[in-house]
Amino acid sequence: MTTQTADTGLLTVLKETKAGSYFVSNYPPYSFWSPDRVGDVYAALTRPPAPGTPLGVYLHIPFCRKRCHFCYFKVYTDKDSQEIENYLDATVQELKLYSNKPFIGGRKPKFIYFGGGTPSFISTRQLSRLVDGMKKLLPWDEAEEVTFECEPGTLTEGKLQVLKQVGVTRLSLGIENFDDKILQDNGRAHGAKEIDRAYDFVQSIGFPQVNIDLIAACSGRRKTTGGNASARRFC
């Protein structure tokens, strides 16, 4: 938010823009959408797929324990269990609408990706119910990869076991940094101890694929960090 002074013409900042002031909720952004393109969207939904085109499913779960300072996505940190379930039920209903459209063409998904937000924020019961609803509409028996984004502090051994049981093949751990001070400065909900604990659970359960997210040039980053002991476990 800015205002222009009458005397100097300079811009005086009244309130500095912070994380959460602007949201990127989809691609392309809503600013590029226009009413004259609605017909193109409907046409795409009613058009059979090109032969040999694989089907991928992305499901967005926009809930988190807290908002990171660098986050510009549409996420919620204040929703209760019922509100989360209402959202998850709505995603399954939306998938039902799409599953009957010609563009699916009888295909089963080759790739499924759960992004956020923090997908691992939901409970094991909510997770099982969500996946069951998705599989009834578009079975996963031909899926080559099922990826699930996780925040280390939301993971328990029980939740990881359920993730593997429902068919997740790749965990994407949002570690971002191994230094507690840097994590705190950037508003992350987890710390180095939670990273170690989560990774112990992951290793004991034996997920076939695990990737980690790291952010270069985090606010407060130093040449050497106190999280190197944790970092070495992933090298």
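This chain uses plain numbering: 1 for the first residue, then up along the sequence.
Atoms CZ and CD, from R170 and E149 in turn, are 9.0 Å apart once rounded to the nearest 0.5 Å. Taken to the nearest 0.5 Å, the OG1 atom of T124 stands 9.5 Å off from the CG atom of L163. Note: D78 CG to C64 SG = 11.5 Å, rounded to the nearest 0.5 Å. Remark: I175 CD1 to H190 NE2 distance equals 6.5 Å, nearest 0.5 Å. Atom CD1 in I195 sits 8.0 Å away from atom CG in N177 (nearest 0.5 Å). In this structure, CZ on F121 lies 14.0 Å from OH on Y76, to the nearest 0.5 angstrom.
Here the closest non-hydrogen pair linking L160 and F207 is O-CZ, 3.4 Å. T169 approaches E144 most closely through the heavy-atom pair OG1-O, 4.4 Å. When all heavy atoms of V92 and L137 are compared, the closest pair comes out as O-CD1, 3.5 Å. Annotation for P139 and K108: closest pair O-CB, 3.7 Å, computed over non-hydrogen atoms. The two residues G191 and L183 make their nearest non-hydrogen contact at CA-CD1, 3.9 Å. For the pair L59 and I61, the tightest heavy-atom approach, listed with the atom from each and the gap, is CD2-CG1, 3.5 Å.
Proximity of V162 to V166: side-chain heavy atoms (C-beta onward) are separated by under 4.5 Å at one or more points. For the pair Y98 and L45, the minimum side-chain heavy-atom distance is below 4.5 Å. In this structure, the side chains of V146 and W140 come closer than 4.5 Å at one or more pairs of heavy atoms. Side-chain atoms of L55 and F111, non-hydrogen and from C-beta on, never get closer than 4.5 Å to each other. A 4.5 Å side-chain heavy-atom check between D213 and N211 finds at least one atom pair inside the cut-off. Looking at E145 and Q209, their side chains come closer than 4.5 Å, going by heavy atoms from C-beta outward.
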Derivation and outcome, side chain to side chain donor-acceptor pair (under 3.5 Å), residues S81 and Q126:
CA-CA 9 Å; S81 177; Q126 291 169 337; 3.3 Å; yes
Verify side-chain contact (heavy atoms from CB on, under 4.5 Å) between L171 and V202, making sure each step is shown before the conclusion.
CA-CA 9 Å; L171 294 179; V202 170; 3.7 Å; yes
Would you please test V57 and L138 for side-chain contact (heavy atoms from CB on, under 4.5 Å) and show each step?
CA-CA 10 Å; V57 175; L138 295 174; 4.3 Å; yes
Step by step, work out the side-chain contact (heavy atoms from CB on, under 4.5 Å) result for L214 and I212.
CA-CA 6 Å; L214 298 175; I212 65 174; 4.2 Å; yes
Any chance you could lay out the side-chain contact (heavy atoms from CB on, under 4.5 Å) test for F201 and K159, step after step, and finish with the verdict?
CA-CA 10 Å; F201 291 152; K159 183 174 291 186; over 6 Å; no
Test K193 against D196 for salt bridge (charged side-chain N to carboxylate O under 4.0 Å, His left out), laying out the working first.
CA-CA 5 Å; K193 289 183 178 179; D196 286 337; over 6 Å; no
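Remark: side-chain polar atoms of E83 are paired, donor with acceptor, to backbone N or O of D80 under 3.5 angstrom. For R107 (side chain) and T53 (main-chain N/O), a donor-acceptor pair under 3.5 Å exists by modelled atom type. Between the side chain of D180 and the backbone N or O of A192 there is at least one donor-acceptor pair closer than 3.5 Å. Panel note: side chain R188, backbone G174; a donor-acceptor pair is recorded below 3.5 Å. The backbone N or O of R65 sits nowhere less than 3.5 Å from a side-chain atom of T77 that would complete a donor-acceptor pair. Proximity of a side-chain donor or acceptor of T91 to a complementary backbone N or O of L88 within less than 3.5 Å is detected. In terms of modelled atom types and a separation under 3.5 Å, the side chain of S120 and the main chain of L155 share no donor-acceptor contact. Side chain of K164 to main chain of G206: a donor-acceptor pair is present (N/O by atom type, distance under 3.5 Å, no hydrogens or angles). A donor-acceptor contact shorter than 3.5 Å links the side chain of R67 to the backbone of C71.
Atom OH of Y42 sits in a sparse spot, with 12 or fewer heavy atoms from other residues, nucleotides or ligands closer than 6.0 Å. Other residues, nucleotides and ligands contribute at most 12 non-hydrogen atoms within 6.0 Å of the CD atom of Q184.
Between D132 and R129, no side-chain nitrogen of the basic residue sits less than 4.0 Å from a carboxylate oxygen of the acidic one, so the salt-bridge criterion is not met.
Donor-acceptor pairing under 3.5 Å is lacking for the side chains of D89 and Q93.
Using the six-membered ring where Trp is involved, Y113 and Y58 have ring planes that are parallel, under 30° apart on the 30 and 60° scheme. Note: Y87 and F63 have perpendicular aromatic rings, judged against thresholds of 30 and 60 degrees for the angle between ring planes.
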